[in-house]
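Taking it in order: structure first as structure tokens, then the write-up.
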Number of protein chains: 2
Amino acid sequence: MGTLKRIDVNHLKVRCSECNLRELCFPHGMNVEDISSMDAVVKQFKPIHKNDYLYRRGDAAVAIYAVRTGCIKTMTESTNGDEQIVGFHMAGELLGLDGFADGIHACNAVALETSSVCKLPIDQLEALSQKLPGLQNQMRRIVGKEVSNDHKLLLLLGKMTSEERLASFLLSVSSRMLERNWKEDEFNLSMARQDIANYLGVAVETVSRLFATFQKQGIINVDRRHITILQMEALKAMVGDCVSTNKKPGCVG
Amino acid sequence: MGTLKRIDVNHLKVRCSECNLRELCFPHGMNVEDISSMDAVVKQFKPIHKNDYLYRRGDAAVAIYAVRTGCIKTMTESTNGDEQIVGFHMAGELLGLDGFADGIHACNAVALETSSVCKLPIDQLEALSQKLPGLQNQMRRIVGKEVSNDHKLLLLLGKMTSEERLASFLLSVSSRMLERNWKEDEFNLSMARQDIANYLGVAVETVSRLFATFQKQGIINVDRRHITILQMEALKAMVGDCVSTNKKPGCVG
DNA sequence: AAATCGACATGACATAAGTCAAGTTCCAAA
DNA sequence: TTTGGAACTTGACTTATGTCATGTCGATTT
């Protein structure tokens, strides 16, 4: 194809300071100088294809990763082989904290579609944070976000009906689409029904049926993985959004 | 009682270096000098009584806490008031990471019985970690442990039957008893059936029935909150311990 | 000792969601 | 273009677990 300059994608320079994901990603909330010093730490990582592993349970945990494009799922595995998806990571979102306990990844990380990530080596992050006090705050925020996400999922799995779970899932995807300046009411899911079911702790058939029901109720439109949300408020009401529904007196929302 | 010296328990000096919980607690794995420098950071905290809050959702998160005696539960709360217990924290275990995301606690922390804790102010931990590189590692390990615990609970809530959940819970308590050099097969639960049920994502009645069933099967003995484990292996088999049961060929354990 | 109350247990019954078994539909390989 | 198969849907049926109602136990107060 003509005389295009060859680019070695494994050694691309990436700069947080020039990245359009920076407000969603690791640097969110950091000051400009600190973000610039991140540039030396962040490494581009080769693209990974659908079903490829970014890391596996048991691998040495040497870095945390930021999704640039695509979507990656992380899942825990029990001794008897059951898997539970604990997160779907979209552009700008971080993964890899599951290796912090003992330096060994406790999760598998698998691409749902062709994806690219930035690699942030832990030792370099640590070295840098000795110089930048702000970076420690940042790490704390990131860790806190992970814990908070896990807790939301615990609440979902522990207390919600399957209907509430799917509504909650759709709202989560929707709000993350919005954060990325994509449409909040029309998007393509990266994950298979099976993945959604696993994540939500229900059977695939239940997910199928609920999609059908929601569609019948005119709340969403489903065309395979293409979702259109027609009644956002109806979804919010399902998960118990006390602001819009005023279900509970005294709820401060 | 005679001429006992008065002790103001709110200002007791506490030293990690002299604490018999240090191998279970924050200092686990740290070197002796680093542990000594922790002494300046750790504050004793007044004892809290049963049903008292150590902190509430919405409180400013200024510290992490280490349980000295007793047991504390942490729970998330949904917008519509549902609560999910995300952890029971025994002596030597840490809590408070739920405030890392934005400096505001996302959980409630409530004592299950009269308990005492050490307070580790975040700003002081941070200042100290600028001097001690080992402390950053330590924080990472602690965070990793929290994430790993949450993931275990996600697996439990997402994939296990109620029987597996209770077996898993009993084994978890048992192994933590053992860590503390208490009996692993005979202990008192600090939590009510209701708390266990909430934590495991099942109804109280289910917990009651399962306790009864396990007892009928001769696996455990139950006398109110006093539990005796009679067949540890049977419990392990329930949660799919592939080492002792060899259920699955090719399982590496 | 009686009364009270919360924690826990147990039986009867209801139901949300799982399982099983066909079916589509769509995409990708031949 | 055909073929194969994975992903998904839908219906019929089953079941684990929740809900409701009642009863017991044990600690604490009167």
Side-chain angles (χ1 to χ4, degrees), chain A residues 49-51 71 73 82-85 88 110-114 156-170 188-217 220-227 238-239, chain B residues 49-51 71 73 82-85 110-114 156-170 188-217 220-228 238-239:
Chain A
H49 299 102
K50 189 172 172 171
N51 297 326
C71 189
K73 65 176 172 184
D82 281 347
E83 283 184 335
Q84 170 68 39
I85 296 174
F88 297 114
V110 178
L112 294 175
E113 56 191 307
T114 303
L156 181 145
L157 292 175
K159 297 285 166 288
M160 293 188 188
T161 65
S162 59
E163 188 185 84
E164 292 167 335
R165 292 178 198 205
L166 188 63
S168 177
F169 169 75
L170 289 172
N188 281 294
L189 296 171
S190 314
M191 60 293 284
R193 297 286 190 274
Q194 188 63 249
D195 288 325
I196 299 173
N198 180 300
Y199 179 69
L200 299 180
V202 299
V204 214
E205 293 91 332
T206 302
V207 173
S208 268
R209 278 189 258 266
L210 284 170
F211 271 130
T213 308
F214 285 4
Q215 175 155 267
K216 226 164 284 168
Q217 295 172 328
I220 62 173
N221 204 289
V222 186
D223 176 19
R224 289 186 75 75
R225 296 193 186 178
H226 186 86
I227 306 291
M238 277 186 200
V239 302
Chain B
H49 299 102
K50 187 170 175 175
N51 297 325
C71 189
K73 65 176 172 183
D82 281 347
E83 282 185 334
Q84 170 68 40
I85 296 174
V110 178
L112 294 174
E113 55 192 307
T114 304
L156 180 146
L157 291 175
K159 298 284 166 288
M160 294 188 187
T161 64
S162 59
E163 187 185 85
E164 291 167 336
R165 292 178 199 204
L166 187 63
S168 177
F169 168 74
L170 288 172
N188 281 294
L189 296 171
S190 314
M191 61 292 286
R193 297 287 189 275
Q194 186 63 59
D195 288 325
I196 299 174
N198 180 299
Y199 179 70
L200 299 179
V202 298
V204 213
E205 293 91 333
T206 302
V207 173
S208 269
R209 278 189 257 266
L210 284 170
F211 270 130
T213 308
F214 286 3
Q215 174 155 267
K216 227 164 284 167
Q217 295 171 330
I220 61 175
N221 203 288
V222 186
D223 176 18
R224 289 185 76 75
R225 297 193 185 177
H226 186 86
I227 306 292
T228 312
M238 277 186 200
V239 301

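Values below: every heavy atom of this structure, side chains too, minus hydrogens, waters and symmetry copies. It should be emphasised that the depicted structure is a prediction, and the values quoted were computed from it without experimental measurement. Chain naming here is simple, since letters A, B, ... match the order of the sequence lines and numbering starts at 1 in each.
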Next on the checklist: Using side-chain heavy atoms (C-beta onward) and a distance below 4.5 Å, is B/Ile196 in contact with B/Phe211?
Outcome noted: yes
Item to check | side-chain contact (heavy atoms from CB on, under 4.5 Å) involving B/Asn188 - partner list, sequence neighbours excluded | outcome: B/His226
Next on the checklist: Run the side-chain contact (heavy atoms from CB on, under 4.5 Å) test against A/Thr114 and tell me which residues pass, sequence neighbours left out.
Outcome noted: A/His49
Next on the checklist: Any base atoms under 4.0 Å from B/Ser162, or only sugar-phosphate, or nothing? Heavy atoms, all strands.
Outcome noted: sugar-phosphate
Next on the checklist: Base, sugar-phosphate or nothing for B/Arg225? Non-hydrogen atoms, less than 4.0 Å.
Outcome noted: sugar-phosphate
Atom pair distance, as rounded to whole Å: [atom1] in [X] and [atom2] in [N]:
X: B/Leu210; N: D/dG18; atom1: CG; atom2: C1'; result: 13 Å
X: A/His226; N: D/dC8; atom1: NE2; atom2: P; result: 16 Å
X: A/Leu166; N: C/dA16; atom1: CG; atom2: C1'; result: 15 Å
X: B/Lys50; N: C/dG6; atom1: NZ; atom2: P; result: 13 Å
X: B/Glu113; N: C/dA7; atom1: CD; atom2: C1'; result: 16 Å
X: A/Glu163; N: C/dA16; atom1: CD; atom2: C1'; result: 11 Å
X: A/Leu157; N: D/dT17; atom1: CG; atom2: P; result: 15 Å

Next on the checklist: By the side chain to side chain donor-acceptor pair (under 3.5 Å) test, which pairs, at least two apart or in different chains, include something from residues 191-214 of chain A?
Outcome noted: A/Lys73-A/Asp195
[atom2] on [Y] to [atom1] on [X], rounded to 0.5 Å:
X: B/Leu210; Y: B/Met238; atom1: CG; atom2: CE; value: 8.5 Å
X: B/Ile227; Y: B/Phe169; atom1: CD1; atom2: CZ; value: 8.5 Å
X: A/Leu200; Y: A/Leu157; atom1: CG; atom2: CG; value: 7.5 Å

Which heavy atom of [X] sits nearest to which heavy atom of [Y], and what is that distance?
X: B/Leu112; Y: B/Lys50; result: O-CG, 3.5 Å
X: B/Ser190; Y: B/Glu113; result: OG-OE2, 2.8 Å
X: B/Gly158; Y: A/Gln84; result: CA-OE1, 3.4 Å

Checklist entry - Dot-bracket for DNA chain D: what is it, with Watson-Crick or G-U pairs under 3.5 Å, [ ] where a pair crosses earlier ones, and | for a pair to another strand? => result ||||||||||||||||||||||||||||||
Next on the checklist: Starting the side chain at C-beta, find the nucleotide from C/dC8, D/dT17, D/dT10 nearest to B/Thr161.
Outcome noted: D/dT17
Checklist entry - Using a cut-off of less than 4.0 Å, is there contact between a side-chain N or O of B/Thr206 and OP1 or OP2 of D/dT17? => result no
Item to check | A/Gln215 side chain to A/Val222 backbone, donor-acceptor under 3.5 Å | outcome: yes
Checklist outcome for this item: B/S/- along nucleotides 20-30 of chain C (protein heavy atoms under 4.0 Å) is B-----S----
Next on the checklist: Among residues 191-204 of chain B, which ones have heavy-atom contacts with DNA chain D below 4.0 Å?
Outcome noted: B/Gly201, B/Val202, B/Ala203
